[in-house]
Every structure is written in structure tokens, then in C-alpha cells.
There are 2 protein chains.
Amino acid sequence: MAAGRELLEEGGPDALSMRRLAGRVGIRAPSIYKHLADKEALEVALIVDGLREFGELCEAAVAGADDPLAALAVAYRSWAVAHPHLYRLINDRPLPRDRLPEGLEARAGAPLVAAAGRDPDRARAAWAFAHGMVMLELTGRFPPGADIGAAWREGVRALASPEAV
Amino acid sequence: MAAGRELLEEGGPDALSMRRLAGRVGIRAPSIYKHLADKEALEVALIVDGLREFGELCEAAVAGADDPLAALAVAYRSWAVAHPHLYRLINDRPLPRDRLPEGLEARAGAPLVAAAGRDPDRARAAWAFAHGMVMLELTGRFPPGADIGAAWREGVRALASPEAV
DNA sequence: GTCTATACCCGGATAGAC
DNA sequence: GTCTATCCGGGTATAGAC
């Protein structure tokens, strides 16, 4: 499992092959299938691991922060930038919900929902903003000179004030 | 070119192979290389085509709208949902900027910059929100019962009012 | 649990004849 | 411009021996 995460984080999704995984742990490719049913099982395990880690980070970031949404934004961005390939594995493809532990997805999202005043639509808007910021940064889609931090602050400010109409 | 776009839109990036493209236009795979330098040239051509089309749609949506940002949001979402694979080819990977016509990227983004009151940070925040909403919808990452339209309205409302502090 | 050997897919791209 | 033949790489996965 650890080897799989290393491969993914070091080399992206293309580097996460059953052959390479076997090589990394010092056995031949076919032997992997004595430990893992198939590649999807590996991906699911990495998703569960990442989702758990990310959720805990968010909980820690929110705890005792005077501006939960801003704290969450910082935690969100820093985790995504530190683990871009794992972030994409989790958030840039359909989630295998039926193979995830009960409540894991909800727990990872709970801090944001709380920070958004328990308004699910506002929470989703805030999530979309954060996800969009991260994806555009990771793929280098912002123009070269863009001040990404300023855009984050602008979005957090706008989404933090439900009264603003 | 048209065949390439069909392949991409019908079957996603995996369907866009030089072999399939050749098959679609009725020749053998190697003959493709008499028309296209390599696969990247094909992708660049599709990106240019899509960026141009998308930019024109945004200009049309903004023209004469009383709420430009809301109109842009509708146009953005509908184009992305109608062409998900082309959208991702354009927005979910690094842009080959050096192979794009001069000014194309800027023109596609101009309507949003204008709608955001010429504040680049606010424009980028709004773009990130829209991009995040689209990506999360396309990948099915929102929870099953989520009201995606409501989240769009919430985000557009929040990002539309720069005065709100 | 590990191995070798293998089956079966796919991809991008080139050489050289016509 | 098209063809055939081919080279190279990659991948998931199974069979059967040890």
C-alpha cells in the first residue's frame, strides 16, 4: 500500500501500474495478484487512505480557528498541492462509493459543511471554488503572472458572507 | 479534424487514438502522419477549435444580458456539459500556449473578466468556482441528491457582489 | 507466496514500396 | 497519399509449476 502511494505521488497515475508496484516491493508482477484482487482494489485503498488523511487535516485546521472557512481554504490548498496525484485520484474521477467505508465521505466533508453554516448549497459552492482553484493551479491553467493567493482570498471573502446580497 | 472531435466527444480521450482516427476517415493508421505531424498536433487543433467556439458562446451570452455573470454561468455550464471531453482537454491539463494563436486564450476569457468588473482576482475566483462546479458535476463527485443548480446560484450570488464585506 | 511463461489488449510512430 | 510490414513501448491479468 505504501509502495503504491509512493508510486502515485512520485510519478502520477501512469506510474501506478501493477508491474511497477511489484517491482517496487521486490516481487514479480503476477505475484501482486495474490495480495490484491485487481488494480481497482489498489486505487480504492489509496482513496480511502487519502480521504481519511485529508479529513483529519481539515478537522485539525478548523479546530480553534477564528475564521474556519479561511483556515479550511489554507488546509485544502496545501494538502492538494502537497499530494496532487492523490488529490486527483480522489476528486477528479467518480468516487467508488460502494467500496468506501460507511461515513468516510461525509466525515471528510463535515468541516466544510459546518464552516458554511450548515447550508449545503453554500458548502457546495465553497467546495467547487476550492476544487476549481486547486485544479487550475495544478494544471497550470492560470496565466503565468496570476496572483493565486489573491484569488483565493477574494473567493473566501465572497463565500464567507451569506448576508451579502 | 471533424473526425477527431467526434471521436473525442463520443468516446473520451481514450478513444482519440491515431489508429481510430485513421479508421474513422477511411485510411490506414500510418497515412495519418502525412496529414498530422503527431498526436499533439491533433490535440492542439481540437483545443483551438474548442476555445474559439467557447469564446464566441460566452460573448453571445453576455451581449445584452442584464446580469452578465449569471448569463455567463449558464453558458459556461451548458457548454461544458454538452462537450465534457473537449472541456477537459482544454481546461483539465496544461495549455500548449506556445502553439495557440495569439490572443485566443485572452479572448475566450475576456467576457468573464469584464463581468467581474475588470478585477482579475475576482475574475479568477469566479472562474475557479465555475470550473470547480463543472468538474465536480462531470465526475459525479457531488452527493447523489445534491441540488447543483442551487449551488450555482449561491456561488454566482456571492461572487457577484464585490461590495459585500 | 513466488516464480516463469504467456495471452491478450492497447498505444505512437517509422521504413520503404507503390 | 496511401499502403503493408514492423518496431518499439506499455498495460492487466491468468495458468500452472514449485
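The sequence lines fix the lettering, A, B, ..., with proteins before strands; numbering per chain opens at 1.
Rounded to a whole Å, the CZ atom of Arg20(A) is 8 Å from the P atom of dG10(D). Taking atom CD1 on Ile27(A) and atom C1' on dT4(C), their separation rounds to 14 Å, with Å as the unit. Protein atom CG of Leu21(A) is 12 Å distant from nucleotide atom P of dA13(D), rounded to whole Å. Whole-Å rounding puts the Leu36(A) CG to dT2(C) P distance at 12 Å. Remark: C1' of dT12(D) and CD of Glu43(A) are 12 Å apart, rounded to the nearest angstrom. If you measure from atom CG of Asp38(B) to atom P of dG11(C), you get 17 Å, rounded to the nearest angstrom. Taking atom NZ on Lys34(A) and atom C1' on dC18(D), their separation rounds to 12 Å, with Å as the unit. The CZ-C1' distance, from Arg19(B) to dC7(D), rounds to 11 Å in whole Å.
DNA chain D is contacted by both Leu16(A) and Ile32(B); Ile32(B) maps to the nucleotide lying nearer its 5′ end (nearest heavy atom per residue). When the nearest nucleotides of DNA chain D are assigned to Ala37(A) and Ala29(B) by heavy-atom distance, the more 5′-ward of the two goes with Ala29(B). Nucleotides of DNA chain C nearest to His35(A) and Tyr33(B) differ in position, and the one nearer the 5' end is that of His35(A).
The ring-ring contact (aromatic ring centres under 6.0 Å, His included) test applied to His85(B) returns no partner, not counting sequence neighbours.
Backbone-only contact: Lys39(A) has heavy atoms under 4.0 Å from sugar-phosphate atoms and none from a base. Within 4.0 Å of Ser17(B), counting heavy atoms only, lie sugar-phosphate atoms of the nucleic acid but no base atom.
Ring pair Trp79(A)/Phe54(A) is tilted by interplanar angle, where 30° to 60° counts as tilted.
With respect to the salt-bridge test (charged N to carboxylate O, under 4.0 angstrom), the residues Asp67(B) and Arg157(B) do not qualify. In summary, Arg124(B) and Glu154(A) do not engage in a salt bridge, as defined by a charged side-chain N under 4.0 Å from a carboxylate O. Under the 4.0 Å criterion applied to side-chain N and carboxylate O atoms, Arg5(A) and Glu53(A) are assigned as salt-bridge partners.
Comparing the start and finish of the helix from dG1(C)-dC18(D) to dC18(C)-dG1(D), five pairs each, the helix axis swings through 10°, to the nearest 10 degrees.
Residue Ser31(B) places no side-chain N or O under 4.0 Å from the OP1 or OP2 atom of dG1(D).
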Intermediate values then yes/no, side-chain contact (heavy atoms from CB on, under 4.5 Å), Val81(B) and Val134(B): CA-CA 8 Å; Val81(B) 170; Val134(B) 158; 5.8 Å; no

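By the criterion of side-chain heavy atoms lying less than 4.5 angstrom apart, applied directly or through intervening Ile, Leu, Val, Met, Phe, Trp or Tyr residues, Val113(A) is not grouped with Phe142(B); the two fall into different hydrophobic clusters.
Counting only heavy atoms from C-beta on, Met18(A) has its side chain closest to dT12(D) among dT4(D), dT12(D), dT2(C).
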